[in-house]
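The block underneath contains the structure these notes are about, expressed in structure tokens.
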Amino acid sequence: MMNSELRISLVGMPSTGKTTFLAAFWNLIQEPTVEACVRLRCLPRAAVYLHEIHQAWLHGQEVGHTSRDSGELILLDIDLGGREVVLEVPDLSGESFEDMFVHRRVTQEVDVILTAADGLLLFLHPHELRPRITLVDAIRMGIQPEVPGDQDELLALDLKKLPAEVQAVDLLQTITSRRLWARAELSSPRIGVIVSAWDLVEAEGLPPARWLAARMPLLNQYLAASLPTESVRIYGLSARGGSADASELATFDPATRAFLVDSAGVRTGDISTPLQWIATGA
Amino acid sequence: MSGLEVSALASSGDLRGRHPIGDGAEPLSLSPCSALTVDEATALLSCRSALVVLPIGYVGTGKTTLLAGLYERLCLGPLGERCFAGSLSLLGFEERCFEASLGSGNSRARQDRTSRDAKRLFLHLTVQTVGAGLGSRRDLLMADISGEHLKELVTADEPGPLSFLLARTDVLALLVDGEGLADPLRRYSTITEARTALRAMIERSSVRDTARVVALVTKWDYCVGVADMSNIVSRLQAELESVVPDVRLMTCAARPDAGSELEEGTGTAEFLEATLEGTIRDPARLLSFGRADAPLALVPGGLVLEAFLSAGHPVP
């Protein structure tokens, strides 16, 4: 059996759920459920970071980023649908992506990781959408604009506060152009769009693809127009397993806590589905 | 595990589990993604076709508002049959939208005229027909220049940047202040000024015969309900046609008054369509000369690479 490498980059601004996904994924591959076709082949020698985030996840706590510098490069020997794979999942810090967007710079190591990736998982958090509200919108909605003391004094544009979809489009444009610059190839990587904390928006009754179209129309247009249809899939993910408080979440069976909803709205406990799709296209 | 142990693992090649990322090397700079300079726009035109659009009007006619309103409307979903397919100046658009956003500290929508980098003139936008393939993509380079330049062209024959812009423009959009048309005291001066401005641009610059000329009555929300407005618009049209016979007249209210019944972005879809009817008859003609050799590559049908736009160089 061939031992191949699969490099998948988790992309997203701070607090969009990348590390929580990684913790839940680490739980899954150690204790695969019946429906999951991924398992850990052997324990890595150095697993301090994974252990730390997994412990936080098991106890229902916020899975904070514990990295120094730009993030953590994680290599795992896994069995993916009967195929032996060395999975490289860099857990790049959200600050790395914020730095790309706000300060227009990228560390060389992060650049190499992003340009070499076989696929990307773009993380978005539904509580961090920051939709644009124009003054006309605000006044028509009865919202009184907050004006500083001096009416001629404009506040400075804070790029961190721009709509999340604008940030996401910029990140994808930047990564796409850097990849082309570095690899000089025209093929598009597979991009899985992960709407994290899906349990918070599930009640809206929209499958992930329609939810994205309704809530992030600029990003949705960009994905539809700029990438081949077969290169993009949109998922809803609840890696934490719900919005219950930590003490309650800790009592849930870890094997069934996290769940994923695919583009069509089908729910599964196998949160590795996006990785399998990137690996195989199926 | 100590940092020393991690380093030892890394150097031994066994990175299974974890390896802190961060090599301490100089970071790479990325494209600013703001409006493009003349050189950057020229580099873009040297490798791909893009319609050069010049919205032009006197100070306060709403040039920047039109461009920001077009983008804001596109952010809500496809505009007519056109959808957003990328922008090399995404943050340039955002800068222009900010002043009319709730978070700006403004109490009313207004457009700042002085704070932006005057060298960054061009907003880039790629649109694609909804449901169609990459072949339907069109790139637009829309100039955002001060109305002062038009005044100087008309009154002193000093075109400034208009000299090269008008020579390369594929679509010339003359903006006429709808607030002025609605005001009986300013109505005829507004019409006369518009005609004179169009004439000055045609006579005092090298606007190409193939350039499409449209006239856009902005702030249309001021005109709604004004008595005899259809005759006023007809008069405007006749005056402009005396200079350019096939000028097309449209109306828009990119940011109507909050009390108006008009939607934000009213007329921007029509403006975009009229713009896309322009044809690039002379794609080899650049905005500035001597910069066509910048190395550029393309994403299929999409973005110009950052090669020219500063990427790949260590941050100073």
Side-chain angles (χ1 to χ4, degrees), chain A residues 44-50 67-77 90 92 100 104-111 113 132-140 143 145-148 151 153-155 157 159 161-162 166 169-170 173-174 176-178 180-181 186 217-218 221-222 224-226, chain B residues 1 5-6 9 14-23 25-33 72 74-78 83-87 90-91 94-95 97-109 112 128 137 255-258 264 297 299-300 302-303 305-307 311-312 315:
Chain A
R45 281 183 58 195
V48 175
Y49 177 64
L50 288 166
S67 89
R68 295 157 293 181
D69 302 316
S70 301
E72 303 278 345
L73 178 61
I74 294 163
L75 293 175
L76 299 168
D77 292 298
L92 300 175
M100 289 171 67
R104 316 307 299 176
R105 66 188 179 200
V106 61
T107 68
Q108 295 187 28
E109 194 167 11
V110 170
D111 185 56
I113 287 168
R132 185 190 314 282
I133 302 177
T134 66
L135 282 166
V136 175
D137 287 336
I139 294 167
R140 287 179 175 175
I143 301 171
E146 285 183 25
V147 182
Q151 292 225 346
E153 181 187 334
L154 275 178
L155 300 176
L157 172 62
L159 297 183
K161 293 181 179 175
L162 287 182
V166 173
V169 167
D170 180 72
Q173 288 191 151
T174 300
T176 302
S177 59
R178 292 298 305 154
L180 193 55
W181 177 242
L186 299 179
L218 186 77
Q221 290 177 81
Y222 175 74
S226 303
Chain B
M1 175 178 291
E5 289 169 314
V6 171
L9 276 175
D14 188 352
L15 300 175
R16 272 48 177 186
R18 73 176 287 193
H19 163 57
I21 300 167
D23 54 8
E26 284 292 311
L28 305 174
S29 63
L30 301 169
S31 159
C33 213
E72 281 174 354
L74 209 44
C75 285
L76 299 176
C83 65
F84 173 83
S87 170
L90 202 59
L91 298 185
E94 288 294 335
E95 285 171 15
C97 293
F98 175 66
E99 292 152 21
S101 70
L102 183 60
S104 66
N106 262 331
S107 58
R108 55 183 289 273
D112 179 62
Q128 184 171 318
R137 286 192 159 204
R255 280 201 190 110
D257 186 80
E264 286 184 273
V299 173
L303 298 171
L305 263 186
E306 297 184 288
V315 176

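Proteins get letters first, then strands, A, B, ... in listed order; numbering begins at 1 in each.
- Applying the side-chain hydrogen bond (donor to acceptor under 3.5 Å, both in side chains) test to B:Glu94 and every residue at least two apart in sequence or in another chain returns A:Arg132, B:Tyr71.
- A donor-acceptor contact closer than 3.5 angstrom is absent between the side chains of A:Thr134 and B:Glu72.
- If you measure heavy-atom distances from B:Gln128 to chain A, the contacts under 4.5 Å come from the side chain alone.
- Heavy atoms of B:Leu90 lying under 4.5 Å from chain A belong exclusively to its side chain.
- Not counting sequence neighbours, the partners of A:Ala138 by the side-chain contact (heavy atoms from CB on, under 4.5 Å) test are A:Ile133, A:Ile143, B:Leu102.
- Within the 3.5 Å criterion, the main-chain N or O of B:Ser87 finds a donor-acceptor partner in the side chain of A:Gln173.
- Both the backbone and the side chain of A:Asp170 have a heavy atom closer than 4.5 Å to some heavy atom of chain B.
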